[in-house]
Amino acid sequence: AATAGGTTKDAKVPTVILTIGMAGSGKTTFLQRLNSHLRTQKHVPYVLNLDPAVNKLPFGANIDIRDTIDYKQVMKDYTLGPNGAILTSLNLFTTKFDQVLEFVDKRAAELDYVIVDTPGQIEIFTWSASGAIITDSLAATYPTVLAYIIDTPRTAGPATFMSNMLYACSILYKTKLPFILVFNKTDVTPHDFAVEWMSDFEAFQRALMQDTSYMSSLMNSMSLVLDEFYENLNYCGLSAVTGAGFDDFMAQVAKARDEYYAEY
Ligand code: GDP
Ligand code: MG
């Protein structure tokens, strides 16, 4: 709702940045850095923590699943293991998600961003009904961008790279939301290899062949699928620890959002 130079004060529409990624990829650290990055730019975000099992949150959350749901108690009450308890906690929280949206809505006019952290294990959010309900209800209310966080050092081998990309690809097709591949931990391993593999199909196939000593037709076909996935895909490299690359990330967010939500 941006009317440049208009005298009427249009209500702002915040952009939701939903963080997903494998356990240990750096989602929580990324959200901490993003929170402080936005604050220094006077874009105070609204912060949602959806991870019931995080011990210590390194940022202040406006809404924290742990405030209403005690995941250790859920383990006892439902005799569940840790993963089952995290999923059940998310389910319980999702039944009240309309209230969460009301809280956000009250503040929406003064917000530029709503940033969301999700449970450590990716599938608890991406392959659960609750995760889908939360994602869909956010995306139905505000322009929503997925930030898929990648542990760059652990994805530097061609086979792991391919499986991580296929996972990202499956989420993109499942959610159909604007999507950014975020190569994190570039302070440890720069993401140049990823840029090369995404832009030069043959370079990736050569690396894959060296890695596995053969190139099965399945791998060949999968890398062809990925080549299609990379087209029009937004990506960036950053370090959640040093803060390098966050300006580029925010540019990617604006680009992904504007391409997708042309009306905003
Ligand atoms: P999550 O499970 O995805 O929420 O991951 P965390 O944010 O808890 O991070 C997992 C580990 O990766 C922690 O030890 C972090 O300190 C580390 N980490 C996260 N981001 C970075 C980064 O940009 N660089 C480095 N070197 N380590 C990072
Ligand atoms: Mg986390």
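Whatever order the structure lists ligands and atoms in, that order sets their numbers, starting from 1.
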* To do: Could you please spell out the steps behind the side chain to side chain contact (heavy atoms under 4.5 Å, CB included) verdict for Ile20 and Ile171?
  => CA-CA 10 Å; Ile20 52 177; Ile171 293 169; 3.7 Å; yes
* Quick check: does Thr29 put an N/O/S atom under 2.8 Å from the Mg ion (ligand 2)? -> no
* Structure fact -> When every non-hydrogen atom of Gly120 is compared with those of Lys27, the smallest separation belongs to O-NZ, 3.0 Å
* Asked: So do Leu111 and Lys12 actually touch side chain to side chain, heavy atoms under 4.5 Å?
  -> no
* Asked: Taking the six-membered ring for Trp, are the ring centroids of Phe30 and Phe246 within less than 6.0 Å of each other?
  -> yes
* Structure fact -> By chain and number, the residues contacting ligand 1 below 4.0 angstrom (heavy atoms only) are Met22, Gly24, Ser25, Gly26, Lys27, Thr28, Thr29, Asn184, Lys185, Asp187, Val188, Ser239, Ala240, Val241
* To do: Output, in order, the C-alpha distance, side-chain angles, deciding distance and verdict of side chain to side chain contact (heavy atoms under 4.5 Å, CB included) for Phe179 and Val145.
  => CA-CA 6 Å; Phe179 200 86; Val145 175; over 6 Å; no
* **Test item: Ser128 side-chain N/O and Gly131 main-chain N/O as donor-acceptor pair under 3.5 Å** => yes
